[in-house]
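Position 1 is the first residue of the sequence; numbering continues from there.
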Amino acid sequence: MATFGVAGPRAQTVAWALLIVTELGLAAGVIAGSATAALLAAALMALFAATMVGAILRGRAGAPCACFGAWSHRPLSGAHLVRNAVMILVAIVALWAP
């Protein structure tokens, strides 16, 4: 989380917990067929992508991303933006899925 400007262990833990709860809630909504949840999931992924772009522009490319939890120490790169674009498309496609 430090890569994205969240400093201090307490703030990082709170941010991490809020993100997990939000992501799980949106995932449950998308699985249940909620168009609102799909739109919000796409918006959240767009927000994540914008945050990554900001970090890269501030010279943080190559810093730990931890985008899939602490075990994921792949350095922040354009590949993360591509992955987020794919997830945005998946969320949009979920709008029309039965």
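- As a member of the Ile/Leu/Val/Met/Phe/Trp/Tyr network built from side-chain separations under 4.5 Å, V86 groups with V90.
- V82 and V53 are not part of a single hydrophobic cluster, where members link through side-chain heavy atoms under 4.5 Å apart.
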Per-pair distances, 0.1 Å, donor-acceptor, side chain in residues 37-50, under 3.5 Å, sequence neighbours excluded:
none

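- With hydrogens and angles disregarded, no donor-acceptor distance shorter than 3.5 Å links the side chain of R60 to the backbone of I56.
- Following chains of ILVMFWY side-chain contacts shorter than 4.5 Å, one cannot reach I88 starting from V93, and the two form parts of different hydrophobic clusters.
- Here the side chains of L76 and F4 are in contact, with some heavy-atom distance below 4.5 Å.
- V30 and L24 fall into different hydrophobic clusters, where Ile, Leu, Val, Met, Phe, Trp and Tyr side chains are chained together by heavy-atom contacts under 4.5 Å.
- Panel note: side chain Q12, backbone A7; no donor-acceptor pair is recorded below 3.5 Å.
- Chaining together hydrophobic side chains whose heavy atoms lie under 4.5 Å apart places L18 alongside V14.
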